[in-house]
> 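Take a look at this one; I'll ask things after.
A note on names: the letters A, B, ... follow the listed sequences, proteins ahead of strands, and every chain is numbered from 1. Values in this document were obtained by computation on a predicted structure and should not be read as measured data. Just so you know, these numbers use all the heavy atoms, side chains as well, and skip hydrogens, waters and symmetry mates.
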Protein chains: 2
Amino acid sequence: MAKTRNTKQRQLILDELRSTKSHPCAEWLYQRVKAKMPNISLGTVYRNLAVLKEQEIIQELPRAGSQSRYDSNPNPHYHFFCLECGRIDDIEEPYLEKVNSEITGKLTEYVVLGHFTEFYGLCPQCKKSK
Amino acid sequence: MAKTRNTKQRQLILDELRSTKSHPCAEWLYQRVKAKMPNISLGTVYRNLAVLKEQEIIQELPRAGSQSRYDSNPNPHYHFFCLECGRIDDIEEPYLEKVNSEITGKLTEYVVLGHFTEFYGLCPQCKKSK
DNA sequence: GTACATGCAAATTATTTGCAACAGG
DNA sequence: CCTGTTGCAAATAATTTGCATGTAC
């Protein structure tokens with residue numbers, strides 16, 4: 001891992017992210033940090049989030065790539081995302097209702113309608129080539 | 001639901017999506033359909049995917065909104081996404097290892113490293129206002 | 001002093017939209 | 001015909017990047 005510095009900007013961004021439970025986006029953090037350091041730029045926020053993520057100090061909420069992807073099967077089912085080659089396979093396993101009910105039992109204040117799950121790891125091809 | 005027509009473009013896009021298991025993005029579908037109908041436009045592909053999704057003939061793989069969102073906790077944990085107001089809360093429930101192991105048992109050809117799960121439904125506030 | 005970081009703006013990437021012409025039912 | 005749909009191009013939205021300057025260590 002490359003060397004990094006403790007800049008005022010990076011610290012402010014991290015503090016701001018730690019001060020909230022809202023899982024904010026870059027723009028939101030930018031506005032907040034800007035209040036304390038008016039000429040910080042949005043590019044700096046993006047660059048620092050990337051560094052902090054790289055260092056595993058924070059995480060970016062999961063999404064498979066930057067583009068939307070589509071499935072001709074409209075029914076909920078699970079996918080397996082290969083971290084190596086990016087391919088997405090369907091999983092035959094039936095939708096785990098018990099996962100919903102387990103969480104529903106804990107989150108009585110909420111209405112739990114369902115869950116999205118993606119498994120990740122290595123697909124058969126990428127497993128072999130390791 | 002509004003009235004829709006069976007255009008040649010829509011049918012080709014759907015056929016192309018059904019012909020693959022790769023969960024493609026709009027651009028990929030555009031290239032494929034373009035081979036059969038050279039002056040189709042990318043905007044048409046996006047518009048048709050939106051219509052087909054609306055009709056629940058296909059699905060778009062889940063992603064909470066168009067922007068990346070960040071979390072100051074780098075450890076895997078679950079989130080609850082409110083379909084009404086878009087807020088994302090942390091769930092205290094510990095990571096369900098048994099979900100991984102259940103899938104690992106089925107996908108013996110794969111290396112299952114983990115899973116991303118987001119629950120969705122209504123948060124306490126939105127539940128009340130219904 | 002050196003190289004990582006920054007601010008700024010321009011460039012990319014992904015997606016959406018306005019509009020006049022087209023075509024399915 | 002009537003109105004949903006298309007192709008095209010321009011507009012947005014989100015993110016990334018080049019570059020000269022700044023600053024942490």
Side-chain angles (χ1 to χ4, degrees), chain A residues 1-17 22-71 81 86 88, chain B residues 1-17 22-71 81 86 88:
Chain A
M1 188 179 303
K3 225 170 300 184
T4 61
R5 287 177 187 168
N6 274 341
T7 61
K8 180 137 199 235
Q9 288 87 339
R10 184 165 303 157
Q11 194 57 55
L12 279 174
I13 292 164
L14 183 54
D15 288 347
E16 207 59 64
L17 183 55
S22 72
H23 307 82
C25 64
E27 180 66 36
W28 188 96
L29 288 166
Y30 170 59
Q31 296 300 339
R32 289 313 204 76
V33 173
K34 207 164 135 85
K36 294 180 180 164
M37 181 181 266
N39 45 8
I40 193 173
S41 76
L42 182 54
T44 294
V45 174
Y46 276 106
R47 273 184 291 225
N48 277 300
L49 289 171
V51 169
L52 292 167
K53 184 173 71 167
E54 172 72 19
Q55 296 177 148
E56 298 182 7
I57 291 172
I58 67 173
Q59 69 169 311
E60 183 178 348
L61 300 195
R63 42 172 42 211
S66 59
Q67 295 164 295
S68 286
R69 297 180 66 159
Y70 300 86
D71 190 330
F81 178 67
I88 297 176
Chain B
M1 190 179 300
K3 225 171 299 183
T4 61
R5 287 176 186 167
N6 274 341
T7 62
K8 181 141 196 232
Q9 288 86 339
R10 185 165 302 157
Q11 194 57 55
L12 279 174
I13 292 164
L14 183 55
D15 288 348
E16 207 59 63
L17 182 56
S22 72
H23 307 83
C25 62
E27 180 67 35
W28 189 96
L29 287 166
Y30 170 59
Q31 296 300 339
R32 290 312 204 77
V33 173
K34 207 165 135 85
K36 294 180 181 164
M37 181 182 268
N39 45 7
I40 192 172
S41 78
L42 182 54
T44 295
V45 174
Y46 276 106
R47 274 185 290 225
N48 277 301
L49 289 170
V51 170
L52 293 166
K53 184 173 72 166
E54 171 73 20
Q55 296 177 150
E56 298 182 7
I57 290 172
I58 67 172
Q59 68 169 311
E60 182 177 350
L61 300 195
R63 43 173 40 214
S66 60
Q67 294 164 296
S68 286
R69 298 181 65 161
Y70 299 86
D71 191 328
F81 178 67
I88 297 175

> OP1 or OP2 of dA9(D) versus the side-chain N and O atoms of Ser41(B): is any pair under 4.0 Å?
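Checking dA9(D) against Ser41(B), no side-chain N or O comes under 4.0 Å of OP1 or OP2.
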> So, is Asn6(B) near the phosphate of dG4(D), with a side-chain N or O under 4.0 Å from OP1 or OP2?
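Looking at the OP1 and OP2 atoms of dG4(D), neither is under 4.0 Å from any side-chain N or O of Asn6(B).
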> Not counting sequence neighbours, which residues clear salt bridge (charged side-chain N to carboxylate O under 4.0 Å, His left out) with Lys34(A)? List them please.
none
> Restricting to salt bridge (charged side-chain N to carboxylate O under 4.0 Å, His left out), what partner residues turn up for Lys53(A), sequence neighbours left out?
Glu60(A)
> Answer yes or no: is there a side-chain heavy-atom contact under 4.5 Å between Leu29(B) and Leu49(B)?
yes
> Below 4.0 angstrom from OP1 or OP2 of dT16(C), is there any side-chain N or O of Tyr46(B)?
no
> Under 4.0 Å, heavy atoms only, any strand: does Glu27(B) hit a base, just the sugar-phosphate, or nothing?
nothing
> Which part of the nucleic acid, if any, lies within contact of Leu42(B), taking any heavy atom under 4.0 Å across all strands shown: a base, the sugar-phosphate backbone alone, or nothing?
base
> Describe, as an angle rounded to 10 degrees, how the axis at the first end of the helix from dG1(C)-dC25(D) to dG25(C)-dC1(D) is tilted relative to the axis at the last end, five pairs per end.
40°
> Below 4.0 angstrom from OP1 or OP2 of dG7(D), is there any side-chain N or O of Thr44(B)?
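So the side chain of Thr44(B) is within the cut-off, an N or O lying under 4.0 Å from OP1 or OP2 of dG7(D).
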> Using the ring-ring contact (aromatic ring centres under 6.0 Å, His included) rule, collect all pairs that involve residues 23-54 of chain B, keeping only residues at least two apart or in two chains.
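Qualifying pairs: His79(A)-His23(B).
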> Does anything in residues 35-47 of chain B form a salt bridge (Lys or Arg N to Asp or Glu O under 4.0 Å)? List the pairs, not counting sequence neighbours.
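Passing the test, one end in residues 35-47 of chain B: Glu16(B)-Lys36(B).
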> Would you sort out whether Arg10(A) and Thr4(A) count as a side-chain contact (heavy atoms from CB on, under 4.5 Å), showing the intermediate values?
CA-CA 10 Å; Arg10(A) 184 165 303 157; Thr4(A) 61; 3.4 Å; yes
> Counting only side-chain nitrogens and oxygens, does Gln9(B) get under 4.0 Å of the OP1 or OP2 atom of dA23(C)?
no
> With a 4.0 Å limit, can you tell me whether Thr7(B) has a side-chain N or O closer than that to the phosphate oxygens OP1/OP2 of dA23(C)?
no
> Anything under 3.5 Å between a protein N or O and an N or O of nucleotides 19-22 of chain D, put it in a table, one pair a line.
none

> Under the side-chain hydrogen bond (donor to acceptor under 3.5 Å, both in side chains) rule, collect the residues that match up with Thr7(B), sequence neighbours excluded.
none
> Which residues in residues 28-36 of chain B have a heavy atom closer than 4.0 Å to any atom of DNA chain D?
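Within residues 28-36 of chain B, no residue comes under 4.0 Å of DNA chain D.
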